[in-house]
Structure formats: C-alpha cells, structure tokens
Amino acid sequence: MAINKHILLAVSGGIAAYKSAELVRLLRKNGAEVRVVMTQAATQFVSTLTFQALSGHAVHTDLLNAEAEHAMDHISLARWADALLIAPASANTIAKCSQGLADDLLSTLYLAATCPVYVAPAMNQAMWHHSATQENIAKLKTHGVIVIGPEPGEQACGETGLGRMSEPAAICEQISASTSPQPLQGVSVLISAGPTREPLDPVRYITNRSSGKMGYALANAALQAGANVTLISGPVSLPAPAGVDLVKVDTAAQMYQAIISRAEAHAIYIGTAAVADYTPIEVQPEKIKKHDHETSILLKKTEDILAAVAKLPQRPFTVGFAAETENLAANAVGKLTNKNLDMIAANWVGHNAQNGGFDSEVNALQLFWKNGQKNLALADKRLLAKQLIDVIAERFNEKNTT
Ligand code: C5P
C-alpha cells in the first residue's frame, strides 16, 4: 500500500476520534503527508497536541483565527489536499456538509475542497438509521463523496448495531485503492441515459420504461474511474452526480443532435439510452380530440444514434446496449457487428428479465466484443456499473496501446 499524497484529515466530535490518532500514524507510515483539522467538539475527545505530535504539523481548529489563517488559510489548506478525509464524521457534521453550511473550519473546507472527499461516519446505530441521516448520506453521495463504512458491532454507548467507524487499516486501504492511478484518468466519456419522449400533441407523448438508473450509475462509475463525463439524459427523476456535464433532452432527435455534435470530442461513447425507434410523423398543434371510431398514428423511423456515432470519421470507442426479450446473445452479437461497435452490453428485459432490466435496482449483463465476452452476474446497478467501466477501461486501454 502506498499513499504518496497530501491527506487533509478532518476530525469531528465523537468517541471514535481516538481511532483517528491511529489513522494518522498509519497514513504516514504508508507515505502520506497528513494535516489535521478538528471541530471544537472533537477537541473535547482528543487533544490537538496528540494530532500535532502524530502528524508533525500544527492542528487547525478555527475558521477565523488570524494567526492560524496567516500560517495557512482555509483555502490554501483545501488546495494543499489531494484528498479530504472526514473521520469520524458525526451525524451533525454529515448534516452540515449535506446542506452546504459553512459555519466552522471543517464544513467550510468541505465546500472549498475540489479534491476527492472521503467520509467515515461514526455514531449511535439509531442515529445512523434515522431517515434524516440516511437522506443526508444519500445527498453527500450525489456530491461525489465516497462513504467508508460504518461497520456493525458493539458501540461505545453500550448498544450493538451499525455505526462504528471503520477500522483505520480499512480506511487506509480504501484511500490507497482510490488514490492509485485510475483506469480512465483524464479520459473523456460521453454517456446517454434514460428514455426519450416523442410528442403526439401538446400533452401526449410516446415513451418507454427506462429509468436512467444504469446510465446515471455508469456516469458515476466513470467519474470515480477518473474520467471527464458528459451525460446526455432523457427525462428521468434522478439527480446527476456532481462533476458531470449534464445535458437534458426530450426527444430522440434532440438526443441525436446533442450526441453527434459532441461524440468526436470524446474518447468513449456509451449508449445506454432507450432511444425511441419510431416517432410520430406529425405532431398535432392542438390536443387530439376523442372520437367514436378507431384511430392510428403514423410513425417514422428515428436515426440510430449509436450506429451514427460508430460511423463518424473520428469515432470514439463505442459501446452499445441491447435490451432483449428473446435470443439475447445472438441479437447482441448481431448488433455488435451490424452497428460496427467496439463492445455491446446485453441484458434481459420484460418477461425474461428475472428481477433485472428497466426500472429495477439490479441488473445482469452479458458483454461481447470482437474476440471475447464476459458475464457480469446479477448485482446492484451501481456495482454493475463499476464492473462494466472496469471492462470498458481494459478494452479501451488495450485498443489504444495496440
Ligand atoms: O437496435 P437497438 O435499438 O436494440 O440497439 C440498442 C442500442 O442502440 C442502445 O445502445 C441504444 O442506446 C442505441 N440506440 C440508439 N438510437 C436509436 C435506437 C437505439 O442509439 N434510435
């Protein structure tokens, strides 16, 4: 394990603060340079002197202390850091960060930091399970924060449950893994997500069941892998991960424009969007009236965005998705060849889906490329997205070095 980085350790008020003393020792042992910031409450549990001795630097506790600010002001401290680690993160600190409050040094640094942020929560199990804390943690994740733990077990208060701060060795390991070179460091990735809406009249449209979860999870996983991500999204009710360049569209034609105009400036394109294959020939200017007789809508084909991206002179590494209700592998391989893709990720939808597919939290994927294939077992879409990004990075890096 090697952490040759500047780690800014922010200690908030909780009994687990004593474990952070060991954390400083371990981080330094693995090569990190550590500076410590403490909240006022944290100094009630462990003295600043302990952290000063272990880190080899004066500890920062105040936002408006002229002397400390002169030595290194809070913005310089935030810029100095390669990673900000809040450990332990109390329920109060998590709540403040999730809301963007900046009324002390720690919460101000959270806003000022542009580096990766890690949060290791520690609190009583009931406090952890409270929906307010869970909502705050979910919010932090949308800021791009990596949450480490907490772990189950006996608590300082005598109760047993989830809420113990992860052990210093485990925290060090996670930081080491995510600060080592990233598989898509600096690579530009364009992702399409969600459904499209094809209007019939001013109030009606044709759409599909896509929730956008897979595409948004992929955007997040690509960000975590070091990529610069542009997300072209159809209408979904998901928050975009902080740090992605989000472009919202409605129709297949708008999605085509948004993607084709950007594709050649990106190294990788991943088409997860469930783009309408057909769109009404005419959009009625007024709401279509109800009649007693049957009616029909004339549809025309939309452009196949994925195939169009693959035909561009400066095409990115192009990855498609195939959602199938039958003959999964054969249909997927057919699309790989016909659309001239670098890779295709196939999954079951509809009656054959077995828990996965559209609007589900989980999915399973079969990946195919020219000379290979790989199955990714049924898993939470976030985990699956990480695994898929790892395979895409592997194939992309191999193609670029051969
Ligand atoms: O051929 P099929 O529509 O099943 O292929 C699915 C793949 O093609 C997905 O990656 C989807 O994003 C993409 N697609 C597209 N434009 C369309 C239809 C599908 O980019 N008009």
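All of these numbers come straight from a predicted model, not from anything done at the bench. Just so you know, ligand 1 is whichever comes first in the structure, and atom 1 is the first atom listed for that ligand.
A side-chain donor-acceptor contact under 3.5 Å links Thr133 to the backbone of Met127.
Taken from CZ in Phe45 to CD1 in Ile15, the straight-line distance is 6.0 Å, to the nearest 0.5 Å. The CG atom of Leu77 sits 11.0 Å away from the OG1 atom of Thr108 when rounded to the nearest 0.5 Å.
For the side-chain hydrogen bond (donor to acceptor under 3.5 Å, both in side chains) test, no residue two or more places apart in sequence or in another chain qualifies with Asn397.
Contacts of ligand 1 (protein heavy-atom distance under 4.0 Å) are Gly271, Ala273, Val275, Ala276, Asp277, Thr302, Glu303, Asp304, Ile305, Leu306, Gly320, Phe321, Lys335, Lys339.
With no hydrogens or angles considered, a side-chain donor-acceptor pair links Asp73 and Ser76 at under 3.5 Å.
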- Query: Does the pair Thr251 and Glu198 meet the rule for a side chain to side chain donor-acceptor pair (under 3.5 Å), with working shown?
  - Reply: CA-CA 5 Å; Thr251 64; Glu198 308 306 316; 5.1 Å; no

